[in-house]
Amino acid sequence: EAFLEAFQERIDREEKIEPNDPMPEGYRRTLVRQISQHAHSEIIGMQPEGNWITRAPSLKRKAALLAKVQDEGGHGLYLYAAAETLGVTREELVEQLLQGKAKYSSIFTYPTLSWADIGAIGWLVDGAAIMNQVPLCRCSFGPYARAMIRVCKEESFHQRQGYEIMLTLCNGTPEQKAMAQDALDRWWWPSLMMFGPHDSESQHGDQNMAWKIKRFTNDALRQKFVDATVPQAEFLGLKVPDPDLAWNEEKGGYDIGPIDWDEFRSVLKSGGFCGRDRIRNRRRAEEDGAWVREAAAAFAEKQATRQADAAAA
Amino acid sequence: EAFLEAFQERIDREEKIEPNDPMPEGYRRTLVRQISQHAHSEIIGMQPEGNWITRAPSLKRKAALLAKVQDEGGHGLYLYAAAETLGVTREELVEQLLQGKAKYSSIFTYPTLSWADIGAIGWLVDGAAIMNQVPLCRCSFGPYARAMIRVCKEESFHQRQGYEIMLTLCNGTPEQKAMAQDALDRWWWPSLMMFGPHDSESQHGDQNMAWKIKRFTNDALRQKFVDATVPQAEFLGLKVPDPDLAWNEEKGGYDIGPIDWDEFRSVLKSGGFCGRDRIRNRRRAEEDGAWVREAAAAFAEKQATRQADAAAA
Amino acid sequence: MAIPKDKALFDYAVRLADDQLVLGHRLSEWCGRAPTLEEELALANMGLDLIGQARSLYTYAGEVEGEGRDEDALAYLRSEREFANMLLVEQPNDDFAHTMVRQLFHAAFMTPYWEAMTGSADATLSGIAGKAVKEARYHLRHSAEWIVRLGDGTEESHARTRAALDHLWVFTGELFEMDETALSLLDRGVAVDARALKPEWDRAMNETLARAGLDRPGEIAMLSGGRTGRHSEHLGHLLAEMQYMQRAYPGMTW
Amino acid sequence: MAIPKDKALFDYAVRLADDQLVLGHRLSEWCGRAPTLEEELALANMGLDLIGQARSLYTYAGEVEGEGRDEDALAYLRSEREFANMLLVEQPNDDFAHTMVRQLFHAAFMTPYWEAMTGSADATLSGIAGKAVKEARYHLRHSAEWIVRLGDGTEESHARTRAALDHLWVFTGELFEMDETALSLLDRGVAVDARALKPEWDRAMNETLARAGLDRPGEIAMLSGGRTGRHSEHLGHLLAEMQYMQRAYPGMTW
């Protein structure tokens, strides 16, 4: 009791909690879950975009996309490292993902069907991710907060890059503009779902707010995203696929139509359109690479023995 | 001695030798080698053309090419069956191929680099094959002769189809015509080499002629091919890549320039440009299919046991 | 592009063609890779049947549209989002078990489908069906025999076939879907009521799986989207390869 | 297409660009498939370096030609027969051992190549070389470390690496070939004498293989042809995928 109170006081003073500090088990568990889900999302998120690297329509875009996907892998690395400070190993976490036991953001279960999807993902998906992640740079847990600072810097670069792809398409031929509209049509609602259920339905909201793992509610962040994004769509000359979308003068923000939470739940439940492929691909990569990891481990062991022998001699 | 003489007399009377007839060991050995090499060539020959099935430029061509490659597989089947009448199994023969111990026609170690190569292979390679094979329809060994009758009928259809592809290209755009010329440039000399070394260098020639396994010499068949093909090239408006090519009024045929036998020997020795890939692909197909063949065998055995049990009950 | 004279009929013929072409293309990818020489020929046979059906259907669709598009324009010059094949047929070959399960699922549907289509009010479609039904029956027999052999073969073949069934089952719901296009043509006596074929498909499935000693996968949420061009990520790569020549050398005769 | 003002220089820059692009593309195919997350990043790094080099070289080639072709026109709108990359770089990724052996063969050549190129009489090429040499050194270090680990790792990794060495060795002769184009530019002080780099390449190879406990493959007849567009059958499939968008949507800005 006293410990919990003292812990809460540290949080309230905006002190960073570090890995070796005492912390409530619930706090640790929540962070492990959240950070690892976040890491898994980065890794799985490499696939929908990776799908277009070999078909990118110009060398500049090809290089930028490869670099972007590489950054996502890098984010996965920092995040697994941040989770490891809480006493789990990357191997355990990856195993949970491969077993289908761990969650990752359901946005990555949607397929990329045209080049415009690469633009839409950068613009909308990275845009939504940034809304979620900027507050995490001030998360009470130090390693997570520091990882997020680095992540956010790169994400906002990706977001601008994605928007720039959309802009190029919208300034292009009618065929290209139609491609962009089609991508917006498919990615708009899933992007809004990235913020999670309405606050009234959210499970972990309050405690996470108190622990300053979370600093804004799902609905507040979603609103912020909509308000930032709708003018961008207008600038592109694209139509947001929501007939109920309307400016609300009173609240100084947009009202949106009802979100299809049945679709959201069905994606969570069934793994979504590409969810099975995503996990299957990762499992294959793990299996195909097993002999390489074993070789590296065997070599490292031999080297250690040799050095020990040399030192003993 | 008496046996060999009697055998030769049967041959000279143009009697067909059948699998259960007595025959000299050399005759059997020669036929097994020749028929199995021929079968291997059909199977390996599926690869260069198969390389373009997924990229064929029209549905009509795609279907025709798939059917053609299927025919080649069928030829492989009849020919392995003909060889099996001589007391070897298909498995043994295939194993020799996979081990790199058996030969196949070196023409199939050249790569197909453009759609025009599909035309050139039909026109030139099937054309040369027909020259070689038509006389084999009268081969002294019955099963081989009968297999060849079926093969030749299909081959001449393929040859016309190949020529028709070339004709379409030559009636097309300058780009298409250049594609056709490029293919002729690359396939002309290898096609001439398909007839084997000059008669003066040929090892097995005389005995095979006597046994009526072979009925014309390499050079005679090559001459026949050149005389048939040069006017076809002229009709297409293509240039045969031989500066020494000239009509010889006296012999009533074309004279050709020197064949680069160094290239021929180097292909035989090194396996040629794609030879290693060809064998590797076949090996992979065999490995990947092993579990299927095992399953089929296990099922057949179970079925046999069940039927025996049922019969016994 | 102008609206075709009979848009529903055009769309219906094109999607049916897309199904057969994409599956035929997948089968053609096996060329040189089959587990036996006999199966090499059988896979090519089925591929040829399907590509042949696709050609007739595209040609007819082009006629219905009346804009001068021929079979090749429809096969080679439409984008991934315009292709309307069902998701099942675009799934990768993977191993032989996946290929044969995919074929079984498809042929067990197409057999009663073409049978019903022989009674179509549209003479061209019923004519195509008359030929296709014999082909589909062979595909069904061939794939069912393999499933029985693989299911009742070795431990490995059983496990691989079960994995293929589980993986591909989720795409079978789409076989029986009827959208507005299909319903409007059903009203006109042109289309087949796919929903009505479910019992026969179930019978074929249950019978084959029972003989194979394989369990029928449990009911799960099905995936669909192919008819509206919402494909899996596999189709784009298939089209990139298949369409390359027509895209790289536009407007030429081959 | 008119003859470029300096055809030899154009051809030389293009073939050098083709080498780096095709290998960079191959590395990019690993995305999402690498054996570890760290290696995922390393493969992407090397791919990015190579694609970056290709971009500079194509851009320069386009300037030399003076016909308005930019990097994308040269990368996406030339046919398989026009690509002049060496055969080594187009070989498929196969397993990780093949990929790393291919990288080692290439980087052990490119390291001294770019070093020599920094002294080129052509200011643009020497400038590109100045940046590329650092990248090549990293590729060499990275691939050599892996070959040592794999060669001296497990039995399986040793066997796979030996198989990769044996399979790819035949393509290493082409690294050191000098044709008329290269010779004429060598005379002008622009090109590098590839033949002269053989001893250093051999040293790197012998040293790495010795550390890895792997035998150097015996001398065999080498394959070549890439410089004149005589490729293996692998390149066409790579180009069909890579060029698809530019072929399907010609003349657009992306």
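Protein chains get the first letters and strands the later ones, always in sequence-line order, with residue 1 at the start of each. Predicted, not measured: the structure shown is a model, and the values here were computed from it.
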- Task: Let me see the working for D:His167 and D:His98 under ring pair (Phe, Tyr, Trp, His ring centres under 6.0 Å), right down to the final yes or no.
- Result: CA-CA 8 Å; D:His167 182 66; D:His98 281 74; 5.8 Å; yes
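A salt bridge between D:Arg102 and D:Asp94 is absent, with no side-chain N of the basic residue lying under 4.0 Å from a carboxylate O of the acidic one. Ion pair A:Asp288/D:Arg33 not flagged as a salt bridge, since none of the NZ, NE, NH1 or NH2 atoms sits closer than 4.0 Å to an Asp/Glu carboxylate oxygen. Classification of A:Glu287 and A:Arg284 as a salt-bridged pair fails, no side-chain N sitting under 4.0 Å from a carboxylate O.
Interface remark: of the candidates A:Ala290, A:Ala295, A:Gly289, A:Gly50, A:Ala295 forms the most heavy-atom pairs closer than 4.5 Å to chain D. Ranking A:Lys62, A:Arg90, A:Gln176 against chain D, the residue ahead of the rest is A:Gln176, based on heavy-atom pairs under 4.5 Å. Of the residues considered (D:Glu38, D:Gln243, D:Glu155), D:Glu38 shows the highest number of contacts with chain A, using heavy-atom pairs under 4.5 Å. When D:Thr36, D:Leu37, D:Thr154 are compared by the number of non-hydrogen pairs under 4.5 Å with chain A, D:Leu37 comes out ahead. Of all the listed residues (A:Met46, A:Glu175, A:Glu49, A:Glu294), the one sharing the greatest number of non-hydrogen pairs under 4.5 Å with chain D is A:Glu175. Across A:Leu77, A:Val94, A:Ile43, A:Asn281, the residue that shares the most heavy-atom pairs under 4.5 angstrom with chain D is A:Leu77. Counting heavy-atom pairs closer than 4.5 Å to chain D, the top residue among A:Gln47, A:Lys302, A:Arg61, A:Gln303 is A:Lys302. Chain A forms the most heavy-atom pairs under 4.5 Å with one residue out of D:Leu48, D:Leu21, D:Ile51, D:Asp70, and that residue is D:Leu48.
How far CG of D:Leu74 is from CD of D:Glu65: 6.5 Å, rounded to the nearest 0.5 Å.
When the shell of 6.0 Å around CD of A:Glu301 is examined, it contains 12 or fewer heavy atoms from other residues, nucleotides or ligands. Around the CZ atom of A:Arg283, the shell of radius 6.0 Å holds more than 12 heavy atoms that belong to other residues, nucleotides or ligands. Atom CZ of D:Arg15 sits in a crowded spot, with more than 12 heavy atoms from other residues, nucleotides or ligands closer than 6.0 Å.
Residue D:Gln246 touches chain A through its side chain alone, counting heavy-atom pairs closer than 4.5 Å. Contacts of D:Tyr76 with chain A are made by side-chain atoms alone, with heavy-atom separations under 4.5 Å and no backbone atom involved. Of the atoms belonging to D:Glu40, it is side-chain heavy atoms, and not backbone ones, that fall under 4.5 Å from chain A. Both the backbone and the side chain of A:Lys60 have a heavy atom closer than 4.5 Å to some heavy atom of chain D. With a 4.5 angstrom heavy-atom cutoff, A:Gln70 touches chain D via backbone and side-chain atoms both. For D:Ala54, no part lies under 4.5 angstrom from a heavy atom of chain A. At a 4.5 Å heavy-atom cutoff, D:Arg247 makes no contact with chain A through either its backbone or its side chain. For a residue to count as touching a neighbouring chain, one of its non-hydrogen atoms must lie under 4.5 Å from one of that chain's; by this rule A:Leu65 does not touch chain D. For D:Leu238, no part sits under 4.5 Å from any heavy atom of chain A, backbone or side chain. At a 4.5 Å heavy-atom cutoff, the contact between A:Val69 and chain D is made by side-chain atoms alone.
Of the N and O atoms on the side chains of D:Asp49 and D:Gln53, not one donor lies less than 3.5 Å from an acceptor on the other residue.
Of residues 156-173 of chain A, those residues lying under 4.5 Å from chain D by any heavy-atom pair are A:Thr168, A:Leu169, A:Thr173.
Listed here is the closest heavy atom pair of A:Leu98 and A:Glu286: CD1-CG, 3.4 Å.
Side chain of D:His158 to backbone of D:Gly151: a donor-acceptor contact under 3.5 angstrom is found.
For A:His40 and A:Tyr80, the distance between ring centers is under 6.0 angstrom.
Both cation-pi conditions hold for D:Arg78 and D:Phe83: the charged atom is under 6.0 angstrom from the six-membered ring centre and inside a 45 degree cone around its axis. Stacking of A:Arg55 on the aromatic ring of A:Trp115 is not recorded, the 6.0 Å distance cut-off and the 45° axial limit not both being met.
Ring geometry for D:Trp146 against D:His142 counts as perpendicular: the plane angle is over 60°, on a 0 to 90° scale with 30° as the lower cut.
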